[in-house]
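Proteins come first, then strands; the chains are lettered A, B, ... in the order of their sequence lines, and each starts at number 1. Just so it is clear, the values below take in all heavy atoms, side chains as well, and ignore hydrogens, waters and symmetry mates.
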Amino acid sequence: MIVRHLIKELLEQAMEEALNRDILPGGTPTDIVVEHPQSAEHGDFATNLPLKLARSLGINPLEIAQRLAPLVRPDDAIDKVWVEAPGFINFSLKPSWLASSVESILEDDESYGNVPLGKGESVQVEFVSVNPTGPIHVGHARGAVLGDALANILSAADYLVTREYYFNDAGNQMENFYNSLYVRYQQAFDRQVEMPEGGYMGDYMMDMARAIAAEEGERFLNMPSTQAVEELGQIGLGRMLKGIQDNLERLRIRFDVWFKEHTLYEEGQYEKTMDALRQGNHLVVRDEATWFASTALGEDKDNVLIRGSGVPTYFAADVAYHYNKFVERGFSRVVDIWGADHQGHVSRMKAAVGALGVDPQRLTILITQIVTLKSGDQVLRASKRTGDFITLEELLDEVGTDPCRYFFLARSPDSQMDFDLELAKKESSENPVYYIQYAHARIASILNLAGENRIDYRGGDVSLLTDPAELALIRRMVALPELIESMAITLEPHHLPHYAQELATAFHWFYQQCRVVSSTPGDEAITRARLKLVKASSIVLGRCLRLMGMEAPEKM
RNA sequence: GCGCUUGUAGCUCAGUUGGAUAGAGCGCAGCCCUGCGAAGGCUGAGGUCGUGGGUUCAAGUCCCACCAAGCGCACCA
């Protein structure tokens with residue numbers, strides 16, 4: 001059980017008793033908030049309940065606290081309950097309970113930290129979803145890392161998670177891509193043809209065209225251009241997707257579903273969606289186009305779903321896609337992760353989902369803010385069109401997967417971030433990534449030593465763990481389930497890297513203070529107890545690293 | 001012009017539902033290994049939390065205005 005919940009329960013019971021025994025008058029019920037005090041002298045947990053009640057009860061908060069505190073019933077986990085001005089009730093954890101939690105961690109092993117929050121509810125996390133018209137760049141990587149970590153956390157919180165990548169294989173930009181590729185292909189055979197207006201000018205297009213030319217020969221030169229564009233396009237699309245998959249694989253990200261826009265039309269989902277909107281009176285025809293009447297739903301303006309030409313817009317496809325997510329596939333919740341350039345689409349997408357009869361609360365759209373790439377003082381602009389960008393691949397070559405994941409993950413997606421390549425490279429030898437992994441390697445090395453010395457610590461007595469450094473380490477470890485729960489609720493994985501760092505600090509401090517494998521006669525018992533603690537640390541730290549998608553090295 | 005996001009230490013950033021002395025890493029000044037990995041530990045300096053109002057017993061956190069930065073505001077995706 002999460003200790004915070006336990007304390008909340010104890011307080012609820014105390015309140016009830018206070019009411020029943022007329023120790024406190026009845027008042028307006030307030031939510032009981034249990035928090036972690038900043039300072040250790042205020043205990044492990046604290047509540048401001050008396051301060052909140054003071055007004056409605058008309059009693060001095062300190063007085064309320066003093067009446068309430070004695071009613072908190074004793075518990076194995078709780079050491080002391082005391083009152084402090086101006087009206088806090090503080091709780092400290094019992095050292096013996098902390099020590100015994102080491103056994104629970106060992107017992108839970110890999111599953112330590114899991115919380116029964118989602119109860120098997122199905123959640124789809126859709127992320128990256130870059131159109132396969134160009135390579136993945138740094139900005140996409142941020143959303144990729146966020147989505148993946150979020151999916152890991154939701155799984156740990158007992159949700160049934162599907163990771164999904166959506167890509168538009170229909171539409172203008174793909175046509176443009178196909179045409180650009182055809183031109184580059186012809187140019188590879190020294191034909192004098194011009195790139196189309198607004199074509200994809202990046203070097204990768206030339207590289208790909210040359211590679212296809214080398215593999216497939218000149219057969220596309222000798223067929224009608226529409227056929228050549230079509231066939232060449234499919235080859236190009238396949239190659240782009242492969243490249244994206246390879247890149248993501250290097251970032252250690254795998255998707256359960258690669259969803260193609262195309263299938264929405266083939267399987268009638270698009271038609272069904274439009275019918276549903278029509279039946280709900282959400283469609284209007286104006287200037288030959290069909291609009292989503294979102295103004296009626298409180299939006300700033302209406303949006304075109306079907307152009308005058310009869311061709312559906314990107315928005316129409318996206319609405320159909322969300323119809324597919326909620327209605328066809330029945331996900332109970334959906335999390336979309338979009339880049340900052342899509343932020344203006346959030347409210348209309350939610351409006352559209354609502355118009356389809358789905359509670360918009362079931363859709364969460366997370367926006368990752370822009371990543372500005374810098375090299376020293378120089379700002380590097382990212383633009384797929386001109387081909388002037390830093391790709392994910394280049395980033396991984398420069399800084400490696402783990403630092404890349406850590407840097408993106410440690411920052412709240414709401415704040416735009418500077419990613420200085422120079423700095424990231426320079427810090428590679430001396431940054432939090434290595435600090436945390438170093439702790440893990442240290443742990444492994446201690447456990448190895450114990451193995452070499454043939455120390456069997458299974459019978460170790462954890463009640464011997466009483467040193468402040470030992471208890472501080474355990475305090476950090478028992479906080480993991482609560483953290484996972486809160487991250488799963490707020491959908492904010494960026495707390496995890498910070499927790500991992502605190503945990504590593506606690507371990508390093510313990511290591512400094514307490515000799516684990518001791519050859520001094522008489523130390524056998526404490527050695528065994530501490531080895532249990534070390535093993536538990538390995539479980540918790542390893543869990544954190546895996547949730548972040550980082551390696552948990554035995555050696556460095 | 002309207003909307004979304006951001007503004008916290010020299011730099012990069014944390015700061016859950018308002019709480020009791022505002023935190024971390026890097027950088028800077030020092031100290032600690034003839035025993036498990038010094039890629040480590042400890043101590044110190046460094047802050048008008050963009051500005052000004054307001055709500056509250058209590059505001060970095062909530063509300064309003066302003067300033068600054070980024071991103072949106074297409075029958076593009």
Open item on the list: Suppose we call a contact any N or O donor and acceptor under 3.5 Å apart; does that hold for the side chain of A:Arg411 and the base of B:U6?
Closed with: no
TODO: Please evaluate the base of B:G25 for a donor-acceptor partner in the side chain of A:Gln501 within a cut-off of under 3.5 Å?
DONE: no
Open item on the list: Taking A:Arg286's backbone N and O only, do any of them form a donor-acceptor pair with A:Trp291's side chain (distance below 3.5 Å, no angle check)?
Closed with: yes
With a 4.0 Å cut-off on heavy atoms, is [X] in touch with a base, just the backbone sugar-phosphate, or nothing at all?
X        : answer
A:Glu554 : base
A:Arg348 : base
A:Met487 : nothing

Task: Out of B:U5, B:G40, B:C36, whichever nucleotide has its closest atom nearest the side chain of A:His508 - done: B:G40
Task: Side chain of A:Asp341 (C-beta onward), nearest among B:G72, B:A14, B:A20 - done: B:G72
Open item on the list: Can you check the distance between B:C26 and B:A9, where both ends of the measurement are the C1' atom (answer in whole Å)?
Closed with: 12 Å
TODO: Check the chi torsion on B:C32 and let me know: syn if it falls within 90° of 0, anti if not.
DONE: anti
TODO: Could you check whether A:Phe88 and the base of B:A20 form a stacked pair, meaning centres closer than 5.5 Å and planes differing by less than 30°?
DONE: yes
Task: Short side-chain N/O contact from A:Gln38 to OP1 or OP2 of B:A20, under 4.0 Å - done: yes
